[in-house]
Amino acid sequence: MDQTAQLILDGKTYEFPIITGSEGERGIDISSLRQKTGHITLDPGYGNTGSCTSDITFMDGEKGILRYRGIPVEQLAKKSTFVETAYLLINGKLPSQRELTDTRIALNDYSLVHEDMQIFYQNFPRRAHPMGILSSMINALRSFYPELQKDDLDINKTFLRLLSRIRTLAAMSYRISNGFKVIYPRPDYSYCANFLNMMFDSPVKPYEIDEDIVDALNAFWILHGDHEQNCSTAAVRVVGSGRVNLYAAISAGIAALWGPLHGGANQAVLEMLIGIQESGSDIATVVKRAKDKNDSFRLMGFGHRVYKTYDPRAKIMKQLCDTVLSKLKVDDPLLKIAEQLEEVALTDQYFIDKNLYPNVDFYSGIVLRALGIPIDMYTVMFAIGRLPGWISQWKEGADDPNWKISRPRQIYTGNAVTDYMPIHKR
Ligand code: ACO
């Protein structure tokens with residue numbers, strides 16, 4: 001017998017179906033709640049609300065599990081490439097050799113951006129944050145490359161264009177904001193090698209590709225690939241639900257990711273660590289501040305809405321951090337500070353009671369710093385990694401025959417009906 005949940009309201013009993021996911025997660029389908037009872041639910045921050053069913057990513061916050069299309073992220077970070085994982089997320093299966101080659105050819109073909117886009121960059125103020133620039137430029141792509149959405153083949157072209165060009169646009173923003181010559185993508189380099197080359201090559205000091213660093217960047221981006229209905233992905237789905245074009249929906253996702261409670265945490269962690277280093281504060285004082293209710297300071301890179309144990313991505317990120325620093329022979333004092341912070345926090349009763357563990361952003365900034373990525377580009381690096389997730393979530397929504405415009409309700413708590421008062425009487 002199908003299971004149902006019963007709700008008793010004003011003495012009347014209502015039944016609602018229980019939905020069970022493929023990993024045994026259970027939810028109460030309340031889509032008929034208002035129609036049947038006249039009531040809505042109230043769930044600020046949506047901690048208890050499922051906005052969709054999805055085949056893309058599975059996470060178990062209690063056990064620290066993350067899988068893309070069923071494959072554990074640990075395996076992907078070790079064995080896959082970012083391009084292959086992007087294909088997996090968007091298409092629902094790993095590519096064959098032929099499909100992977102075709103994807104790589106397309107990513108190469110689409111990697112150049114319209115020369116006129118450089119004019120946009122020149123007009124942003126010098127200190128403009130790259131996340132604001134990236135969000136604007138992705139939205140602007142719609143004007144340069146009117147979206148093709150007639151059939152599957154065409155929409156795939158748009159996906160590949162975006163994947164390829166976000167990398168070119170990100171590197172361009174760094175080069176132009178620093179007054180450096182723009183470096184064009186090269187057909188003989190892989191996706192990640194090309195990004196590093198576009199960032200760091202110089203006419204007077206050619207950039208040498210180090211395959212270990214390329215592998216590290218692949219793993220870094222794979223770890224950011226998707227994370228089900230987080231703040232930025234929810235933004236992409238909500239904005240996309242109005243049937244807006246893909247570029248605009250992704251641009252909204254980038255804007256949402258920018259916040260320090262979300263993807264912007266990687267920059268905030270580094271700023272926090274630098275602040276601790278420069279002030280010479282001892283770790284115990286920093287942890288004490290993070291626990292103080294009257295202090296707005298939080299331990300950045302700690303805590304997560306879903307993970308109530310160690311974020312599996314953070315574990316891999318720490319290993320990646322050790323590998324990259326040792327390969328590049330970097331002795332970063334910020335790593336010591338981060339390790340001490342982690343040690344103190346993980347044995348502190350406040351953090352234990354609230355299940356606060358390092359999240360993906362805790363060590364990622366130290367990896368990026370070792371790679372030479374400037375601090376205000378950290379969240380841009382996150383955005384490039386998250387793009388396949390945003391695309392696949394947008395696509396899943398757009399292909400869903402039951403897709404509805406996102407339109408939550410509210411409980412109104414303002415004034416009762418109030419007469420308009422003429423200005424001379426106010
Ligand atoms: N430092 C100190 N205390 C914390 C922290 C932290 N980093 N995170 C949560 N807490 C405390 C809160 O003060 C709250 O305490 P209370 O119950 O006494 O009020 C409790 O733990 C629960 O925290 P909430 O903010 O209610 O949890 P929520 O799920 O809403 O927030 C969030 C999750 C935003 C990630 C939060 O943990 C945080 O601000 N962390 C720091 C920022 C960060 O690292 N963000 C990146 C997240 S990963 C990502 O988005 C890519």
Side-chain angles (χ1 to χ4, degrees), residues 44-48 59-64 66 129 131 220 223-224 227 230-232 256-322 324-325 330-370 373-379 381-382:
Y46 308 131
N48 307 281
M59 50 189 295
D60 182 327
E62 273 70 38
K63 295 191 184 131
L66 175 63
H129 196 285
M131 281 298 273
F220 181 92
L223 291 179
H224 290 86
H227 218 222
N230 56 83
C231 173
S232 56
L257 186 73
W258 191 357
L261 296 190
H262 188 21
N266 56 11
Q267 176 172 346
V269 169
L270 243 282
E271 285 164 353
M272 174 184 78
L273 296 175
I274 291 170
I276 296 171
Q277 183 191 33
E278 286 176 352
S279 67
S281 306
D282 69 291
I283 300 298
T285 310
V286 176
V287 172
K288 196 168 162 214
R289 271 194 71 195
K291 297 191 290 184
D292 184 354
K293 278 258 166 275
N294 300 316
D295 190 329
S296 62
F297 174 76
R298 279 188 166 194
L299 208 51
M300 299 312 286
F302 258 74
H304 197 274
R305 171 61 64 80
V306 180
Y307 292 124
K308 298 303 161 205
T309 182
Y310 215 103
D311 180 338
R313 303 168 301 171
K315 265 190 206 150
I316 310 170
M317 194 60 84
K318 174 66 168 66
Q319 290 160 7
L320 204 61
C321 186
D322 293 338
V324 168
L325 265 62
V330 171
D331 182 18
D332 191 340
L334 298 189
L335 177 61
K336 276 263 143 355
I337 297 175
E339 285 173 339
Q340 285 168 4
L341 263 181
E342 179 185 343
E343 199 184 320
V344 174
L346 290 184
T347 49
D348 187 288
Q349 208 51 45
Y350 172 95
F351 288 84
I352 295 170
D353 289 346
K354 294 184 191 299
N355 295 316
L356 300 171
Y357 292 85
N359 58 50
V360 69
D361 293 316
F362 194 63
Y363 287 106
S364 71
I366 302 176
V367 174
L368 295 175
R369 189 163 126 114
I373 309 287
I375 192 163
D376 62 357
M377 286 284 287
Y378 289 5
T379 315
M381 297 298 285
F382 191 146

Practice task
Identify, with sequence neighbours excluded, every residue that meets salt bridge (Lys or Arg N to Asp or Glu O under 4.0 Å) alongside Lys291.
Solution key: Asp348
Exercise for the section: Using side-chain hydrogen bond (donor to acceptor under 3.5 Å, both in side chains) as the criterion, list what pairs up with Asp311, not counting sequence neighbours. Expected result: Arg313
Completion exercise
Output for pair (Leu368 CG, Phe220 CZ), nearest 0.5 Å, gives 4.0 Å
Practice task
List for me each residue that meets salt bridge (Lys or Arg N to Asp or Glu O under 4.0 Å) alongside Asp282, sequence neighbours excluded, and say none if there are none.
Solution key: none
Completion exercise
Those residues at least two apart in sequence (or on a different chain) that pass side-chain hydrogen bond (donor to acceptor under 3.5 Å, both in side chains) with Ser279 are Ser281
Handout entry: Nearest heavy-atom neighbours spanning Asp60 and Lys63
Key = OD1-N, 3.0 Å
Practice task
Could I get the full list of salt bridge (Lys or Arg N to Asp or Glu O under 4.0 Å) partners for Arg289, not counting sequence neighbours?
Solution key: Asp295
Exercise for the section: Identify, with sequence neighbours excluded, every residue that meets ring pair (Phe, Tyr, Trp, His ring centres under 6.0 Å) alongside Phe302. Expected result: Phe351, Phe362
Handout entry: Partner residues of Tyr357 under the side-chain contact (heavy atoms from CB on, under 4.5 Å) criterion, sequence neighbours left out
Key = Tyr310, Leu346, Asn355
Practice task
Search all heavy atoms of Ile366 against all heavy atoms of Ala338 and return the closest pair with its distance.
Solution key: CD1-CB, 3.9 Å
Handout entry: Nearest-0.5 Å distance, CG of residue Asp332 to SG of residue Cys321
Key = 8.0 Å
Completion exercise
OG1 (Thr309) and CG (Leu356) are apart, to the nearest 0.5 Å, by 11.5 Å
Problem - Which atom of Glu339 lies closest to which atom of Lys318, heavy atoms considered - result: OE2-NZ, 2.8 Å
Practice task
Calculate, to the nearest 0.5 Å, the distance between atoms OH and CG belonging to Tyr363 and Asp322 respectively.
Solution key: 8.5 Å
Handout entry: Residue pair Leu341 / Leu273, side-chain heavy-atom distance below 4.5 Å
Key = yes
Problem - Residues in salt bridge (Lys or Arg N to Asp or Glu O under 4.0 Å) contact with Asp331, at least two apart in sequence or another chain - result: none
Completion exercise
Between Gly45 and Arg305 the two heavy atoms that sit nearest each other are O-NH1, 2.8 Å
Exercise for the section: Could you pull out all residues at least two apart from His304 that satisfy ring pair (Phe, Tyr, Trp, His ring centres under 6.0 Å)? Expected result: His227, Tyr307
Problem - side-chain contact (heavy atoms from CB on, under 4.5 Å) involving Ile274 - partner list, sequence neighbours excluded - result: Leu270, Glu278, Leu334, Arg369, Ile375
Exercise for the section: Measure the spacing between CD of Gln349 and NZ of Lys354 and express it to the nearest 0.5 Å. Expected result: 11.0 Å
Handout entry: Side-chain touch Glu343/Gln340, heavy atoms, less than 4.5 angstrom
Key = no
Handout entry: Sequence-distant partners of Tyr46, side-chain hydrogen bond (donor to acceptor under 3.5 Å, both in side chains), two or more places apart
Key = none
Handout entry: With Glu271 via side-chain hydrogen bond (donor to acceptor under 3.5 Å, both in side chains) - residues at least two apart
Key = Gln267
Exercise for the section: Could you check if a side-chain atom of His224 sits within less than 4.5 angstrom of a side-chain atom of Met317, using non-hydrogen atoms only? Expected result: yes
Exercise for the section: Could you check if a side-chain atom of Leu299 sits within less than 4.5 angstrom of a side-chain atom of Val286, using non-hydrogen atoms only? Expected result: yes
Problem - Asn266 side-chain N/O to Ser364 backbone N/O, donor-acceptor pair under 3.5 Å - result: no
Completion exercise
Nearest heavy-atom approach of His262 to Ala256 is CD2-O, 3.7 Å
Completion exercise
Heavy atoms of Ala268 and Pro260 approach each other most closely as CB-CB, 4.5 Å
Practice task
Show your reasoning for whether side chain to side chain contact (heavy atoms under 4.5 Å, CB included) applies to Phe382 and Asp361.
Solution key: CA-CA 9 Å; Phe382 191 146; Asp361 293 316; 3.7 Å; yes
Fill in the blank from the handout: Value for CD1 (Ile276) from CD1 (Ile337), rounded to nearest 0.5 Å, stands at 6.0 Å
